[in-house]
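Input: a single structure, listed below in structure tokens.
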Amino acid sequence: FGSRVTQSSSQLGHPAHPSPAAMDIDLLNPDPKEERTKHKLKRMIQSPNSFFMDVKCPGCLQITTVYSHAQTVVLCGNCNQMLCQPTGGLARLTEGCSFRRKVE
């Protein structure tokens with residue numbers, strides 16, 4: 001009972017201090033395509049998925065600023081044509097509307 005045999009980690013085939021292994025991915029320089037697919041809070045630098053955009057009305061060609069995740073129907077201020085309609089996430093642009101992402 002009294003004599004227990006203990007083996008050190010070097011006798012078990014494991015080194016005392018593991019050597020640094022090569023990483024499969026570069027943590028300091030992540031791939032931009034992979035970062036975009038991650039959840040907005042799991043990215044290395046947190047950033048929102050939403051944005052503002054300039055939408056051009058196909059009827060009168062007036063430009064209106066619209067939020068990408070608009071929760072109400074957005075009408076053209078000039079001709080009252082519907083520019084986008086809400087969905088669960090991103091707003092759906094009306095057919096014929098063109099848009100560009102607004103830069104800060």
Only pairs at least two apart or in different chains count here, so list each side chain to side chain donor-acceptor pair (under 3.5 Å) that has a residue in residues 42-51.
Arg43-Ser47, Arg43-Asn49, Ser50-Tyr67
Should Cys76 and Cys60 be marked as a side-chain contact (heavy atoms from CB on, under 4.5 Å) after you check the CA-CA gap, both sets of side-chain angles, and the distance that decides it?
CA-CA 9 Å; Cys76 176; Cys60 64; 3.5 Å; yes
Could you walk me through whether Cys57 and Cys97 pass the side-chain contact (heavy atoms from CB on, under 4.5 Å) check?
CA-CA 6 Å; Cys57 176; Cys97 287; 6.0 Å; no
With sequence neighbours left out, what residues match Glu35 under side-chain hydrogen bond (donor to acceptor under 3.5 Å, both in side chains)?
Lys38
Besides Leu93, the hydrophobic cluster formed by Ile, Leu, Val, Met, Phe, Trp and Tyr side chains linked at under 4.5 Å, directly or via other members, contains Phe51, Met53, Val55, Val66, Val74, Leu83, Phe99
Nearest-0.5 Å distance that lies between atom CD1 in Ile63 and atom OG in Ser98
8.0 Å
I'd like to check the side-chain hydrogen bond (donor to acceptor under 3.5 Å, both in side chains) partners of Asp26; sequence neighbours left out, ordered by chain and number.
Asn29
As an exercise, state the distance from CG of Asp54 to CD of Gln62, rounded to the nearest 0.5 Å.
11.5 Å
Minimum heavy-atom separation for Gly96 and Pro58, please, with both atom names.
O-CB, 3.6 Å
Other than Leu75, which residues form its hydrophobic cluster under the rule that side-chain heavy atoms must be closer than 4.5 Å?
Val73, Met82
Write out all pairs satisfying side chain to side chain donor-acceptor pair (under 3.5 Å) with one or both partners inside residues 71-87, taking only residues at least two apart or from two chains.
none
